[in-house]
2 protein chains.
Amino acid sequence: MRIFMTPFTPPGETREKVYRFVRRRILEELPPTVREVQEAFRFRAVQTAREHLERLVAEGRLVKAHGKSRGYRLPREPGTLFVPLLGRVQAGGLRAAIEECEGYLPVQSRGSEEMFGLRVQGESMTGAGILPGDIVVVRQQAEAASGDIVVALVGDEATIKRLRLRGNGIELHPENPAFTPIVPRAEECTVLGKVVEVRRYLEG
Amino acid sequence: MRIFMTPFTPPGETREKVYRFVRRRILEELPPTVREVQEAFRFRAVQTAREHLERLVAEGRLVKAHGKSRGYRLPREPGTLFVPLLGRVQAGGLRAAIEECEGYLPVQSRGSEEMFGLRVQGESMTGAGILPGDIVVVRQQAEAASGDIVVALVGDEATIKRLRLRGNGIELHPENPAFTPIVPRAEECTVLGKVVEVRRYLEG
DNA sequence: GCGCATACCAGATTTTTGTCTGGTATGCAA
DNA sequence: TTGCATACCAGACAAAAATCTGGTATGCGC
């Protein structure tokens with residue numbers, strides 16, 4: 001007569017915990033093996049862990065790569081990618097600036113667009129809640145709509161302003177009464193991309 | 001006589017590519033196996049991939065968990081963790097709010113502190129560049145220093161204000177002249193945590 | 001009782017994966 | 001020339017991990 005450890009486990013409760021465990025591990029960059037799940041929950045059999053995992057897959061809460069180690073993943077990728085954080089961008093040197101970036105930022109993104117982070121200098125956009133020292137996350141694109149906040153290369157330095165289309169030309173508007181709009185000639189201004197996110201770190 | 005495919009590969013060039021490949025894979029959440037590296041570079045022998053990887057470890061550019069599958073990691077963890085994004089927090093229900101969160105935010109963090117994200121309502125902190133709809137990232141802590149921006153539970157709703165210590169008591173200061181400071185009694189106010197980051201998503 | 005579901009366990013097989021031993025080719029410096 | 005480094009290859013072995021087969025206990029509806 002064998003002893004079976006089958007404490008009163010309400011249906012689904014253990015599975016819920018397994019799901020949370022696996023999700024956390026995946027988000028922390030290393031999905032667990034079936035045996036790691038087994039050990040984490042003190043199952044006596046690998047199969048028990050496997051059954052929970054396969055059930056989660058059947059329910060659509062996880063997806064897996066059959067036969068591969070650590071093959072369980074979250075469905076619909078959370079799509080977190082790391083974009084380079086640039087200190088400043090000088091004329092023409094976006095490529096160079098990306099090579100010499102200060103670090104990387106985790107960013108949520110659906111596509112695999114080319115993006116970068118840029119540290120804000122100056123007070124010209126405080127009216128839009130963008131303060132010196134903030135970081136803007138920029139999606140690289142040469143075109144933008146009127147009203148978008150963009151990063152543009154004017155002269156030999158990148159600047160953050162609100163874009164206004166005026167007939168054929170463009171204007172770059174600060175969001176601070178102490179500054180005046182820039183009306184660059186087309187050939188001396190390049191739109192590097194659109195600001196899609198603003199971040200401010202209050203410590204560290 | 002065997003034929004060896006040894007094209008002119010400048011020293012370190014292949015290794016650099018291997019490093020980039022592995023780093024990308026790690027950041028995308030599933031570190032490669034040695035054989036996956038082998039296949040990605042069309043090496044005829046696993047050992048070739050292994051030598052590059054071990055070399056990268058020796059150089060300190062990667063670290064590994066010996067004997068574990070997919071055991072290569074980036075040194076000094078980028079320490080990205082995912083924190084729950086809460087819509088609103090009502091009296092006492094921080095735990096409940098975390099259970100029913102709207103989603104997860106990738107956040108850079110050194111420790112494994114308890115954190116959460118909270119969507120900003122109202123204009124009381126616009127002077128600090130915190131606008132309605134912004135997201136604040138909060139580290140849970142019951143104590144905070146004078147001058148910190150905190151999330152506090154006053155009455156039955158969470159609010160974001162700048163904390164001021166006044167003798168024995170506390171004051172919660174808005175950063176907008178149209179609002180007046182709150183001077184709560186100690187028993188009707190709980191500091192949930194300190195705002196460590198502000199985010200604004202400009203699209204989506 | 002019966003059938004059926006969930007929840008779990010035991011032991012084995014098969015595949016994947018990490019590791020190891022010993023090799024070839026090329027360039028460089030002593 | 002020798003020695004030594006890098007860069008690569010071949011074939012194996014052993015550990016780790018996924019998978020499979022067949023079981024026990026408990027509760028629920030009929």
Side-chain angles (χ1 to χ4, degrees), chain A residues 1-22 25-26 29-74, chain B residues 1-22 25-26 29-74:
Chain A
M1 178 61 178
R2 293 204 189 90
I3 297 168
F4 282 83
M5 299 280 290
T6 312
F8 271 46
T9 311
E13 189 184 283
T14 305
R15 179 140 53 251
E16 196 57 33
K17 287 180 184 165
V18 170
Y19 172 70
R20 285 168 193 273
F21 173 80
V22 174
R25 286 288 305 267
I26 292 174
E29 294 178 4
L30 190 68
T33 63
V34 178
R35 273 176 183 75
E36 282 168 359
V37 174
Q38 177 199 352
E39 283 155 25
F41 288 87
R42 302 283 160 78
F43 293 138
R44 310 266 198 87
V46 215
Q47 185 62 2
T48 305
R50 240 178 78 78
E51 278 165 14
H52 282 296
L53 290 167
E54 291 302 324
R55 186 65 100 82
L56 287 166
V57 170
E59 288 170 359
R61 305 182 70 186
L62 293 177
V63 295
K64 70 172 289 200
H66 183 94
K68 299 283 178 188
S69 72
R70 305 181 191 277
Y72 292 91
R73 324 295 303 282
L74 295 177
Chain B
M1 177 60 178
R2 293 203 190 92
I3 297 168
F4 282 82
M5 299 279 291
T6 311
F8 270 46
T9 311
E13 190 183 281
T14 305
R15 179 142 50 252
E16 196 58 32
K17 288 180 184 167
V18 169
Y19 172 69
R20 285 170 194 272
F21 173 80
V22 174
R25 285 287 304 268
I26 293 173
E29 296 178 7
L30 190 69
T33 63
V34 179
R35 274 174 182 78
E36 283 168 358
V37 174
Q38 178 199 352
E39 283 154 27
F41 288 87
R42 302 281 160 77
F43 293 138
R44 311 266 198 87
V46 217
Q47 185 62 5
T48 305
R50 239 177 78 78
E51 279 166 14
H52 282 296
L53 290 168
E54 292 301 325
R55 186 65 100 83
L56 287 166
V57 171
E59 287 170 358
R61 306 182 69 185
L62 293 177
V63 295
K64 71 173 288 199
H66 183 94
K68 299 282 179 190
S69 70
R70 304 180 190 277
Y72 292 92
R73 322 298 305 281
L74 294 178

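Reminder, nothing fancy here: chain letters follow the sequence lines and each chain counts from 1.
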| message | So, using side chain to side chain donor-acceptor pair (under 3.5 Å) as the criterion, who are the partners of Y72(B) when residues are at least two apart? | response | E54(B)
| Polar side-chain contact Q47(B)-dC8(D) base: donor and acceptor under 3.5 Å | no
| For dC9(D), does OP1 or OP2 lie under 4.0 Å from any side-chain N or O of T48(B)? |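 Yes, because at least one side-chain N or O of T48(B) sits under 4.0 Å from OP1 or OP2 of dC9(D).
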| For dC8(D), does OP1 or OP2 lie under 4.0 Å from any side-chain N or O of R44(B)? |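 The answer is no; no side-chain N or O of R44(B) sits under 4.0 Å from OP1 or OP2.
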| query | For Q47(A), what residues pass the side chain to side chain contact (heavy atoms under 4.5 Å, CB included) criterion, not counting sequence neighbours? | reply |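 Once residues adjacent in sequence are excluded, the partners of Q47(A) under the side chain to side chain contact (heavy atoms under 4.5 Å, CB included) criterion are R50(A), E51(A).
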| remark: Residues at least two apart in sequence or cross-chain that pass side chain to side chain contact (heavy atoms under 4.5 Å, CB included) with E36(A), listed by chain then number, are R25(A), P32(A), T33(A), R70(A)
With a 4.5 Å heavy-atom cut-off, do [X] and [Y] have their side chains touching?
| X | Y | value |
| --- | --- | --- |
| L74(B) | L62(B) | yes |
| H52(A) | V37(A) | no |
| K64(B) | L53(B) | no |
| T48(A) | Q38(A) | no |

| message | Strictly under 4.0 angstrom, non-hydrogen atoms only: write out the protein contact profile of nucleotides 13-18 of chain C, one letter per nucleotide from the 5' end, B, S or -. | response | ---SBB
| Who passes salt bridge (Lys or Arg N to Asp or Glu O under 4.0 Å) against R55(B), sequence neighbours left out? |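 Here the qualifying residues are E59(B).
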| Can you list, by residue number, the residues of residues 51-60 of chain B that have a non-hydrogen atom closer than 4.0 angstrom to DNA chain D? | E51(B), H52(B), R55(B)
[X] has an atom [atom1]; how far is it from atom [atom2] of [N], in whole Å?
| X | N | atom1 | atom2 | value |
| --- | --- | --- | --- | --- |
| R73(A) | dA18(D) | CZ | C1' | 17 Å |
| F43(A) | dA10(C) | CZ | P | 13 Å |
| L30(A) | dA17(D) | CG | P | 10 Å |
| Q38(B) | dA7(D) | CD | P | 17 Å |

